[in-house]
Amino acid sequence: MLNKSFEPAEAEPRLYADWEGSDAFKPSGEGAPYTIVIPPPNVTGSLHMGHALNNTLQDVLCRYQRMQGRSVLWQPGMDHAGIATQMVVERQLAKDGNEDRRAMGREAFIERVWQWKEESGGQILNQLRRLGASCDWSRTRFTMDEGLSAAVVKVFVQLYEEGLLYKDKRLVNWDPQFETAISDLEVENKEVDGHFWHFKYPLENGETYEFPVAFDDAGEPTEWETRDYISIATTRPETMLGDGAVAVHPSDKRYAPIVGKKCLLPLADRYIPIIADEYPDPDFGSGAVKITGAHDFNDYQVARRNDIPMYVLMDSKGRFVDEPHVPEAYRGKDRFEVRKAVVEDIDARGLLIQIEDKKIMQPFGDRSGVVIEPMLTDQWYVNAEELAKDAIAKVEEGATRFIPDNWSKTYYQWMRNIEPWCVSRQLWWGHRIPAWYAPDGSVYVAETEDAACAKAEVDHGAGVALTRDEDVLDTWFSSALWPFSTLGWPEATPELAKHYPTNVLVTAFDIIFFWVARMMMMGLHFMKDDNAAAVVPFPEVYIHGLVVDEKGQKMSKSKGNGVDPIDLIEKYGADALRFTLCAQAGQGRNVRVSDQRVEGYRNFSTKLWNAARFAEMNECAAPADFDPSSAEETLSRWILDEAGRCAEDVAAGVDGYRFNDAASAIYRFAWNVFCDWHLELAKPILQGPDGPQKDEVRAVTAYVLDKILALLHPFMPFVTEELWGARAARAEHLVVSAWPTADDFVSDAAAASEINWVIDLVTAVRSVRAEMNVPAGAKIEMVAIAPSSETQTCLGRHKDLVGRLARIETFSDAAAPPKGAVQVIHGEAVFALPLAGVIDAVAEKTRLEKETVKIEKEMGGIDKKLANKKFVERAPAEIVAEQKERREAYSARLIKLKAAIEQLADL
RNA sequence: GGGCGCAUAGCUCAGUGGUAGAGCGCUACCUUGACAUGGUAGAGGUCCGUGGUUCGAUACCACGUGCGCCCACCA
């Protein structure tokens with residue numbers, strides 16, 4: 001006996017343990033493999049709504065494919081998340097009053113991180129279980145695992161040997177808080193209120209030139225002033241100390257007289273050249289740009305092509321260095337302190353022209369939140385431009401397809417303008433770069449120290465002492481290998497052979513660049529088929545939206561509007577949360593989460609539960625070998641027909657990644673067709689005398705309910721599994737049972753139209769009753785007016801149903817409607833409801849006239865069309881015919897309406 | 001500066017070259033033997049604007065307006 005309601009808190013852990021215990025999530029059987037690799041959550045992470053959406057969708061796909069008989073592997077795992085994890089552990093050390101990582105030393109610190117990982121890392125995997133994720137947990141991988149680390153080393157070495165990975169000294173985005181380089185993608189450019197400081201750089205030897213200050217309409221100068229300086233402007237005054245030149249555009253006549261001369265770099269008291277370069281925009285600012293090669297990406301380019309010296313101003317923490325080119329007063333000070341001091345000192349020398357308020361785009365580290373400083377350092381780079389070629393081509397060819405397709409444009413745009421990928425990080429937690437240096441600085445890249453040694457000895461003789469590169473790799477370097485490293489590569493494992501390439505990647509658009517693009521590059525470069533052709537890691541990439549709050553605002557920690565999925569699971573159950581996410585996962589749309597919505601879908605699962613209780617108390621059970629095509633009752637054939645269409649819609653939705661369509665198809669069928677109509681229509685039979693008719697309806701009801709459980713299972717795995725198990729003794733869990741196919745249903749248009757006739761009649765009568773304020777409980781009489789033989793037959797067969805659902809006490813026939821009766825026009829049939837004494841003639845007349853007006857308006861529109869020669873000539877014949885049919889139907893109804901109104905006049 | 005997306009009922013969103021839909025909310029009625037986490041009925045829409053294509057446009061195209069997002073080195 002089913003309980004009064006479903007208790008997710010009790011049932012979910014039990015059901016999940018059952019699934020795992022029965023190895024339901026392991027790939028099995030002879031079916032074609034179906035593989036998804038999970039976007040590995042950070043080991044430091046906890047489940048947020050984005051994860052909930054992402055993993056629910058993957059789970060829907062996996063459960064659906066598993067039921068289709070595929071050998072499904074949903075490969076789980078976690079990312080070591082270099083910066084994030086190091087930060088967490090460092091904070092913890094500080095909090096506990098321990099010595100910091102530098103004091104501890106590298107080895108002890110890393111050991112500490114591992115310890116942290118074992119104790120508190122990866123709680124997100126348990127949270128994914130609570131969500132119902134059907135990952136094969138026995139295969140859980142971690143990017144710092146031995147196997148995955150081996151893959152990283154192999155890839156690094158091979159890319160190096162192929163010349164696709166190299167060490168270079170160039171400007172890099174430097175995070176002064178974490179004291180590491182980061183890649184372009186880890187920089188967030190934000191608009192902030194800043195200033196534009198205009199300085200004078202005096203010309204050498206007191207030289208002067210005539211600078212135009214007023215122009216006529218033709219743009220010719222009309223007024224000049226004599227200047228002994230060049231005016232520059234900057235948003236970062238402190239960097240002036242590193243200026244190597246001032247540049248102007250070669251076409252800029254204003255500065256032509258002084259190009260090639262020198263000006264004084266104030267404060268630094270150096271003379272720097274005034275050069276001509278294409279870079280400055282004469283129309284912006286003063287048209288003259290200070291060139292700080294070591295601290296600005298544009299200036300770096302200018303400095304390089306003009307051979308301008310670059311002065312490194314800051315250390316790894318953003319403090320000014322103790323070097324001769326930095327005036328003593330600024331040494332050791334923080335960059336923002338220096339900024340303030342520089343402005344004051346320039347002003348004190350009378351060289352500050354003005355300070356403008358200005359919105360500026362400023363780069364911030366995405367993890368640290370501090371202002372990023374361009375720094376000139378040695379780093380390792382991947383030649384992404386080269387690797388991107390094939391990755392672009394494969395998408396162009398359609399070997400990998402984005403869904404929705406417009407994301408391919410985003411992908412192309414980035415890939416076609418890709419910059420070298422800085423992969424080294426000055427951190428300790430991560431894959432240490434497999435490069436060793438000889439005392440003279442020459443570098444040896446190899447998979448092991450021994451191999452590096454062997455190489456070095458060729459150049460340096462035996463016994464050369466090597467030191468290993470201190471740096472680790474970008475976290476995304478190992479993530480890029482995820483689709484094949486998790487399957488065992490570089491070993492030739494059976495899993496790799498079976499499950500690579502994967503079938504689809506499911507992710508949000510915010511990591512297309514970070515992850516999708518890089519997996520494409522690495523996958524194509526390292527994974528080849530038997531003919532040595534590159535294999536894409538996934539033929540499809542489904543990009544879903546972001547989860548936003550009920551107001552459409554992006555959920556974020558800083559806004560504090562985040563909703564914890566675990567809270568919702570505890571409040572409403574995992575099924576309700578999952579269904580909410582699926583029902584809103586329309587392509588190209590964000591998903592809004594609100595309690596109200598989740599509550600609504602919790603109600604849906606309750607509804608289903610109660611339908612099952614109803615089935616149970618009516619002893620509905622389907623024989624194991626039940627053959628739907630053997631069903632004879634019209635009601636049976638109708639619901640089997642409806643169920644078949646629902647099954648098609650759900651499958652089409654999931655196949656097409658239209659999760660919202662799939663969810664609404666099953667929702668509508670289960671609630672609005674099965675519960676609202678089938679169960680109601682079945683009641684008279686189920687509660688009537690025993691016999692073959694009742695047996696069949698019981699069997700069909702149970703059978704269709706089971707199909708609903710199956711169709712709903714990918715979306716609401718828990719409640720469906722619970723009901724599946726509770727309703728009958730079964731050989732297997734629902735999670736591994738078969739997905740319903742067309743053969744499981746019948747297609748019967750005649751049955752469909754007959755039952756729909758009944759449904760429409762009941763609805764029409766109810767509507768009239770409500771409008772006429774007939775008390776809901778009142779039983780009334782219904783008179784069929786001159787019924788056709790079809791009407792007689794149909795009504796005759798379903799009198800019980802109509803009587804029960806429309807509350808009709810007695811049925812009769814008459815040639816003409818009795819006086820004072822309300823008329824229900826239903827297709828070609830007219831029914832009268834004699835409500836004498838109850839009827840409000842005026843209200844009834846109003847009701848009928850309202851519809852008359854509506855129909856006349858519709859007919860007017862159709863007539864206009866049909867009178868249009870062009871329409872009749874050019875519109876497709878079936879459209880014209882359709883319009884004529886509609887007109888006839890309206891016309892017939894109108895006649896009946898008018899007759900009914902006429903009849904009221906007698907009252 | 002480039003690129004992408006969105007605009008349909010009070011709200012959140014489906015949708016289709018010919019007849020406008022759902023959920024929630026709202027209104028009225030209903031404790032009917034599965035379910036009040038429910039049932040029945042109902043109100044509610046210039047489908048952003050303008051122009052074009054078409055016999056016909058909410059849908060296709062162009063422009064405009066408004067909103068959102070991503071990328072980008074204007075010092």
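Only heavy atoms go into these numbers, but all of them, side chains included; no hydrogens, no water, no symmetry mates. Throughout, protein chains are lettered first and strands after them, A, B, ... in sequence-line order, and every chain is numbered starting at 1.
Under 3.5 Å, the side chain of A/R766 and the base of B/rU40 form no donor-acceptor pair of N or O atoms. Checked by distance alone, A/E680 brings a side-chain donor or acceptor within 3.5 Å of a matching partner on the base of B/rA34.
Note on A/K290: every side-chain N or O is 4.0 Å or more away from OP1 and OP2 of B/rA75. A/R589 has a side-chain polar atom (N or O) that falls below the 4.0 Å cut-off from OP1 or OP2 of B/rA7. Residue A/S5 places none of its side-chain N or O atoms closer than 4.0 Å to OP1 or OP2 of B/rC35. In this model, the phosphate group of B/rG39 is approached by a side-chain N or O of A/K607 to a distance below 4.0 Å at OP1 or OP2. One finds a side-chain N or O of A/N603 lying less than 4.0 angstrom from the OP1 or OP2 phosphate oxygen of B/rG38. The side chain of A/K683 places an N or O atom within less than 4.0 Å of a non-bridging phosphate oxygen (OP1 or OP2) of B/rA34. Side-chain N/O atoms of A/K850 include one lying less than 4.0 angstrom from OP1 or OP2 on B/rA43. Contact annotation: A/W671 side-chain N/O to B/rG39 OP1/OP2 distance is under 4.0 Å. Taking 4.0 angstrom as the limit, A/K358 places a side-chain polar atom (N or O) nearer than this to OP1 or OP2 of B/rA75.
B/rA72 makes up no base pair with any nucleotide shown, lacking Watson-Crick or G-U wobble contacts both under 3.5 Å. With a cut-off of 3.5 Å on both pairing distances, the Watson-Crick or G-U wobble partner of B/rA7 is B/rU65. Using the Watson-Crick or G-U wobble rule with both distances under 3.5 Å, B/rA36 pairs with nothing in any strand shown. B/rA59 is unpaired under the criterion used here, namely a Watson-Crick or G-U wobble arrangement in which both key atom distances are under 3.5 Å. In this structure B/rU53 sits in no base pair that meets the Watson-Crick or G-U test at under 3.5 Å.
Distance from the side chain of A/T235 is smallest for B/rA75 among the nucleotides B/rG18, B/rA75, B/rU40.
The closest side-chain donor-acceptor pair between A/Q362 and A/R236, if any, does not fall under 3.5 angstrom. For the residue pair A/H198 and A/E356, a side-chain donor N or O sits within less than 3.5 Å of a side-chain acceptor on the partner.
For the P atoms, the distance from B/rA57 to B/rC73 is 47 Å, rounded to whole Å.
Using a 4.0 Å heavy-atom distance criterion, A/E599 is classed as making no nucleic acid contact.
Nearest-nucleotide positions on RNA chain B place A/T606 closer to the 5' end than the other of A/T606 and A/S286. Where A/F604 and A/R613 meet RNA chain B, the nucleotide closest to each residue was compared, and A/R613 sits on the side nearer the 5' end.
Between A/F604 and A/W671, the ring planes are parallel. Angles under 30° get that label, and only those over 60° would be called perpendicular. Using the six-membered ring where Trp is involved, A/Y667 and A/Y601 have ring planes that are perpendicular, over 60° apart on the 30 and 60° scheme.
Heavy atoms only, all atoms of each residue included: A/P250 and A/E278 are closest at CG-OE2, 3.6 Å.
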